Amino acid sequence: MSLKAELDCAVDDAAQRLLGCVLEREIDGTAVRVKIVETEAYDQTDAVSHSYKGRTPRTDVMFGPSGHLYVYFTYGMHYCCNVTVGGSGHGAAVLIRAVEPLGSETTLASRRAGKAGVELTNGPAKLCQALGITKAMNGHDLATSPLVLVMRPRLSKKEIVTTTRVGITRAKDVPWRFYIKHNPYVSRSV
DNA sequence: AGCGGGATTTTCT
DNA sequence: GAAAATCCCGCTT
């Protein structure tokens with residue numbers, strides 16, 4: 001099954017499917033692999049989503065095909081990355097909030113001055129910095145190099161914690177944040 | 001361990 | 001002109 005087809009579903013379902021999946025990043029000739037451990041869903045019907053107000057130059061990628069990278073810039077200094085889901089014409093994406101390095105920690109640390117261990121990738125802007133993801137990669141097809149998303153068998157409900165999203169002011173009570181239970185790289189456990 | 005503020009620019013009103 | 005899907009540092013307990 002293609003990456004695109006697997007993510008062509010409801011945004012909260014896609015967010016849970018992405019847990020445990022692997023991102024393969026090629027940086028300066030080195031292959032770096034990380035596992036997704038925390039996600040949040042954002043849909044066009046959702047008051048806090050960037051796509052809520054319709055298709056604009058900024059949110060164009062969210063309305064495109066599933067399985068692409070949506071990168072946004074915020075707080076004047078940080079990038080955060082999302083995987084588009086829900087299919088063409090539907091403005092939805094899943095924010096990658098935390099990942100777990102699968103080796104290659106020295107390569108990740110080289111972009112995270114003074115940081116080590118879980119501090120390398122336990123937050124949405126941190127992992128973008130560690131993986132070298134910037135606005136230049138907005139719209140990138142995640143089936144292709146230098147950043148590839150590899151799907152994995154979906155986790156059982158027992159392995160997933162469901163809770164509310166972080167850092168938002170509206171729709172605070174929507175339970176669209178998901179993370180792998182007991183994983184040390186999760187940005188903030190309940 | 002927890003709280004508070006500053007950084008800094010894109011985006012939409 | 002204000003808010004923003006955040007992070008880091010310094011100060012207090």
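Note that the structure is predicted; figures quoted are calculated from it, not measured. In what follows, chains are A, B, ... by sequence order, proteins preceding strands, each numbered from 1. Scope of the values below: all heavy atoms of this structure, side chains included, with no hydrogens, waters or symmetry mates.
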Measure from [atom1] on [X] to [atom2] on [N] and round the result to the nearest Å.
X        : N      : atom1 : atom2 : answer
A/Arg170 : B/dC12 : CZ    : P     : 13 Å
A/His78  : C/dC8  : NE2   : C1'   : 8 Å
A/Asn82  : C/dA4  : CG    : C1'   : 14 Å
A/Tyr75  : B/dT9  : OH    : C1'   : 13 Å
A/Arg165 : C/dA4  : CZ    : C1'   : 15 Å
A/Tyr70  : B/dT10 : OH    : P     : 14 Å
A/Leu95  : C/dT6  : CG    : P     : 8 Å
A/Asn138 : B/dT10 : CG    : C1'   : 13 Å

State which of [options] makes the closest approach to the side chain of [X].
X        : options              : answer
A/Lys135 : C/dT6, C/dA5, B/dT10 : B/dT10
A/Lys53  : B/dC12, C/dT6, B/dA7 : B/dC12
A/Ala125 : C/dA5, C/dC9, C/dT6  : C/dT6
A/Lys126 : B/dC12, C/dC7, B/dT9 : C/dC7

field: Given DNA chain C, 5'-ward residue of the pair A/Ile168 and A/Gln129, judged by closest heavy atom
entry: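 That would be A/Ile168.
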query: Are A/Ser110 and A/Thr107 close enough, and set up right, to give a side chain to side chain donor-acceptor pair (under 3.5 Å), and what steps lead you there?
result: CA-CA 5 Å; A/Ser110 68; A/Thr107 303; 5.9 Å; no
- prompt: Below 4.0 angstrom, N of the basic side chain to O of the carboxylate: do A/Arg33 and A/Glu24 qualify?
  reply: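 Between A/Glu24 and A/Arg33 there is a salt bridge, with a charged N closer than 4.0 Å to a carboxylate O.
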- request: Apply side-chain contact (heavy atoms from CB on, under 4.5 Å) to the pair A/Tyr185 and A/Val34, showing each step before the final yes or no.
  value: CA-CA 11 Å; A/Tyr185 286 85; A/Val34 299; over 6 Å; no
- prompt: Is there a path of hydrophobic side-chain contacts, each under 4.5 Å between heavy atoms of I, L, V, M, F, W or Y residues, that connects A/Val83 with A/Val148?
  reply: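 The answer is no; the residues belong to distinct hydrophobic clusters.
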Taking OP1 and OP2 of [N], is either one under 4.0 Å from a side-chain nitrogen or oxygen of [X]?
X        : N     : answer
A/Thr169 : C/dA4 : yes
A/Arg97  : C/dT6 : yes
A/His50  : C/dA5 : yes

query: So which one's nearest nucleotide on DNA chain B is more toward 5', A/Pro57 or A/Gly76?
result: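 Here A/Gly76 is the residue nearer the 5' end.
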Of A/Phe73 and A/Thr59, the one whose closest DNA chain B nucleotide lies more 5':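 It is A/Phe73, whose closest nucleotide lies nearer the 5' terminus.
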message: Any heavy-atom pair between the side chains of A/Pro124 and A/His78 that's under 4.5 Å?
response: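 Contact flag for A/His78/A/Pro124 side chains = no.
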query: Hey, are the side chains of A/Ser49 and A/Asp43 touching, using non-hydrogen atoms and a 4.5 Å cut-off?
result: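 No, every pair of side-chain atoms sits at 4.5 Å or beyond.
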message: What contact category does A/Arg112 fall into here, base, sugar-phosphate, or nothing, at under 4.0 angstrom with non-hydrogen atoms?
response: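 Sugar-phosphate: the residue A/Arg112, judged by heavy atoms under 4.0 Å, touches backbone atoms but no base.
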task: Could you tell me whether A/Lys172 contacts a base, only the sugar-phosphate backbone, or nothing, with contacts defined as non-hydrogen atoms closer than 4.0 Å?
output: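 If one applies the 4.0 Å heavy-atom cut-off, A/Lys172 turns out to touch nothing in the nucleic acid.
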- prompt: For A/Phe73, does the CZ atom have more than 12 heavy-atom neighbours from other residues, nucleotides or ligands under 6.0 Å away?
  reply: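 More than 12 within 6.0 Å, yes.
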query: Which distance, rounded to the nearest 0.5 Å, do you find between the CG of A/Leu127 and the CZ of A/Arg25?
result: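 With rounding to 0.5 Å, CG (A/Leu127) is 12.0 Å from CZ (A/Arg25).
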- prompt: Stem ranges for DNA chain C, with three or more consecutive Watson-Crick or G-U pairs under 3.5 Å?
  reply: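 DNA chain C stems, ordered by first number: B:1-7 with C:6-12, B:9-12 with C:1-4.
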- prompt: Ring-on-base stacking between A/Tyr42 and C/dA5, under 5.5 Å between centres and under 30° between planes: is it there?
  reply: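 Stacked: ring centres under 5.5 Å, planes under 30°.
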